[in-house]
Amino acid sequence: MGAVVVLLKIGICDDSSEFIREIEELIKSWKSLPENAVIKTFENGDSLVSAHHSENFDFIFLDVVMPFIDGIETAREIRAFDKKAKIVFLTSSPEFALDSYSVKASNYLLKPIEKSALFECLDDLYSDFAEDFSGIAVKSFSAIYNIPFHNIEYVEAMNKKVIVYLCDKKTIESSEPFYIFEEKLLPFPNFFKCHRSYIVNIHRIASFDPKDIFMRNGKTVPLSRSCKKVFEETYFEVLFGKAGDFK
């Protein structure tokens with residue numbers, strides 16, 4: 001079996017494309033960056049917020065002063081649907097430090113960014129990320145992936161393998177039997193077995209009708225008639241009640 005693979009997603013948002021390239025290269029040179037880490041860049045807050053709905057970034061580096069929608073307001077929009085992403089503000093002035101606390105920012109870095117300060121920040125973020133990790137280990141045919149719950153869209157049993165569909169539309173094929181995923185996921189109210197071959201993340205459902213569940217990634221999952229009533233009750237309890245604590 002191969003090495004353990006940690007799925008880490010980093011978003012960078014700044015209205016300067018030159019600065020984006022600079023900090024992206026610095027992050028890529030960080031010694032602890034997982035081999036398969038995903039880094040995506042944005043030049044305005046709206047595009048970052050839109051992408052974050054599907055990407056679920058773990059770390060977000062966010063410029064404070066941007067046209068149209070500034071970094072503080074962008075962070076407020078993100079916090080409206082994601083309380084867990086670790087946000088780091090990038091600013092030329094420390095005067096915004098107090099505002100960063102209102103959106104539970106993890107840190108803020110002064111421009112121009114010093115390599116040592118960035119690496120120290122990344123070390124702290126990653127330490128907290130590993131400590132707070134909430135997810136499952138998935139055995140593929142070549143490696144073991146640690147996947148956060150909020151990055152799982154749904155799971156499908158297909159022939160003698162199980163396919164894990166992620167929020168970014170990527171998939172991981174697992175060599176483990178489907179019942180292992182039932183044991184790992186179904187104790188959490190956010191996951192529901194809607195069909196003998198499918199388990200869905202309720203937080204990733206866009207809509208549903210009497211026969212099908214439509215996921216945010218555009219896929220359609222069958223809804224078994226036998227569990228329709230329980231599914232509807234669980235769905236509304238998770239989304240509008242107190243069950244479940246990740247998104």
Q | Exam field: side chain Arg204 to backbone Asn151, donor-acceptor pair closer than 3.5 Å | A | no
**Q.** Audit row: Asp168, Lys9, side chain to side chain contact (heavy atoms under 4.5 Å, CB included) steps and yes/no
**A.** CA-CA 10 Å; Asp168 59 5; Lys9 295 184 178 182; 3.1 Å; yes
Q: Take Leu33 and Ile10, measure what side chain to side chain contact (heavy atoms under 4.5 Å, CB included) needs, and give me the verdict at the end.
A: CA-CA 10 Å; Leu33 186 71; Ile10 300 174; 4.0 Å; yes
Check: residues 39-52 side-chain donor-acceptor pairs under 3.5 Å, at least two apart:
from, atom 1, to, atom 2, distance (Å)
Lys40, NZ, Glu55, OE2, 2.6
Asn44, OD1, Asp46, N, 3.3
Asn44, OD1, Ser47, N, 2.8
Asn44, OD1, Ser47, OG, 3.2
Ser47, OG, Asn44, O, 2.9
His52, ND1, Phe57, N, 3.0
His52, NE2, Asp82, OD2, 2.6

(Q) In the structure I gave you, are the side-chain heavy atoms of Phe89 and Asn107 within less than 4.5 Å of one another anywhere? (A) no
(Q) Applying side chain to side chain contact (heavy atoms under 4.5 Å, CB included) to Asp70 and Val65, what does each step give before you reach the verdict? (A) CA-CA 5 Å; Asp70 65 25; Val65 180; over 6 Å; no
Q) How far does CD1 of Ile213 sit from CD1 of Ile205, to the nearest 0.5 angstrom? A) 4.5 Å
Q) Could you give the distance from CD (Glu24) to OG (Ser17), rounded to the nearest 0.5 Å? A) 11.5 Å
Q: Kindly give the heavy-atom pair with the smallest separation between Ser92 and Leu110, and that separation in Å.
A: C-CD2, 4.3 Å
Q) Around Glu233, counting heavy atoms of other residues, nucleotides and ligands shown, do more than 12 lie under 6.0 Å from its CD? A) yes
Q) Phe192 versus Leu186: any side-chain heavy-atom pair under 4.5 Å? A) no
Q: Can you see which heavy atom on Ala75 is nearest to which on Val103, and at what distance?
A: CB-CG2, 3.8 Å
(Q) Would you compute the distance between atom CG of Leu90 and atom CD1 of Ile20 and round it to the nearest 0.5 angstrom? (A) 10.0 Å
Q. Any link between Val88 and Leu26 through a network of hydrophobic side chains (Ile, Leu, Val, Met, Phe, Trp, Tyr) touching at under 4.5 Å?
A. yes
Q. Per the side chain to side chain contact (heavy atoms under 4.5 Å, CB included) rule, which among Phe181, Tyr198, Tyr165 passes with Val155?
A. Phe181
Q) Can you find a pair of side-chain heavy atoms, one from His195 and one from Arg225, that are under 4.5 Å apart? A) no
Q) Would you find a donor on one side and an acceptor on the other, under 3.5 Å apart, between the side chain of Asp14 and the backbone of Asp63? A) no
Q | Heavy-atom neighbours of Glu120 CD exceed 12 at 6.0 Å | A | no
Q.
Counting the benzene-type ring for Trp, do Phe191 and Phe149 have ring centres under 6.0 Å apart?
A. yes
**Q.** Closest contact, heavy atoms only, Leu109 versus Cys121
**A.** CD2-CB, 4.2 Å
Q: Report the C-alpha distance between Lys84 and Asp58 in whole Å, list the side-chain angles of each, state the deciding distance to 0.1 Å, and finish with yes or no for salt bridge (charged side-chain N to carboxylate O under 4.0 Å, His left out).
A: CA-CA 8 Å; Lys84 294 190 175 183; Asp58 300 299; over 6 Å; no
(Q) I'd like to know if the side chain of Glu153 and the backbone of Val200 have a donor-acceptor N/O pair within less than 3.5 Å. (A) no
**Q.** Straight-line distance of Arg79 CZ to Phe81 CZ, nearest 0.5 Å
**A.** 10.0 Å
**Q.** Quiz item: cation-pi between Lys219 and Tyr154, 6.0 Å / 45°
**A.** no
Q. Can you find a pair of side-chain heavy atoms, one from Tyr145 and one from Ser174, that are under 4.5 Å apart?
A. no
Q) Any side-chain heavy atom of Ile147 sitting closer than 4.5 Å to one from Ile152? A) yes
Q. Looking at Ile12 and Ile27, what are the two nearest heavy atoms and their distance?
A. CD1-CD1, 3.9 Å
Q.
For the residue pair Asn190 / His203, report whether a side-chain donor-acceptor contact shorter than 3.5 Å exists.
A. yes
Q) Ile199 and Leu185: side chain to side chain contact (heavy atoms under 4.5 Å, CB included), yes or no, with the steps? A) CA-CA 8 Å; Ile199 298 172; Leu185 297 175; 4.2 Å; yes
Q) Hey, do the aromatic rings of Phe208 and Phe214 have their centres closer than 6.0 Å? A) no
Q) Quick one: are Lys160 and Ser175 in side-chain contact, heavy atoms under 4.5 Å? A) no
Q) Are Trp30 and Phe129 in one and the same hydrophobic cluster, where Ile, Leu, Val, Met, Phe, Trp and Tyr link if side-chain heavy atoms are under 4.5 Å apart? A) yes
(Q) Using only atom types and a distance under 3.5 Å, with no angle test, would you say the side chain of Lys228 pairs donor to acceptor with the backbone of Ser224? (A) no
Q. Is a side-chain N or O of Lys86 found less than 3.5 angstrom from the main chain of Asp128, in a donor-acceptor match?
A. no
Q: In plain terms, say whether Glu25 and Arg21 are close enough for a salt bridge, that is, a side-chain N and a carboxylate O under 4.0 Å apart.
A: no
Q: Could you label the plane-to-plane angle of the Phe240 and Phe236 rings as parallel, tilted or perpendicular, counting under 30° as parallel and over 60° as perpendicular?
A: parallel
Q: Give a yes or no on whether Met158 and Met215 share a hydrophobic cluster (residues Ile, Leu, Val, Met, Phe, Trp, Tyr; joining criterion: side-chain heavy atoms under 4.5 Å apart).
A: yes
Q. Atom CD of Glu173 and atom OG of Ser142: how far apart are they, to the nearest 0.5 Å?
A. 10.0 Å
Q | Hphob cluster co-occupancy, Val38 + Ile87, side-chain heavy atoms under 4.5 angstrom | A | no
Q. Does the side chain of Ile78 reach to within under 4.5 Å of the side chain of Thr74, using non-hydrogen atoms?
A. yes
Q.
When you compare the side chain of Asp124 with that of Leu122, does any pair of heavy atoms fall below 4.5 Å?
A. no
Q) Do Phe61 and Phe19 share a hydrophobic cluster, counting only Ile, Leu, Val, Met, Phe, Trp and Tyr and linking them when any side-chain heavy atoms are less than 4.5 Å apart? A) yes
Q) If you take all heavy atoms of Leu125 and Ser106, which pair is closest and at what distance? A) CD2-CB, 3.6 Å
Q | From CD (Glu77) to NE2 (His53), nearest 0.5 Å | A | 8.0 Å
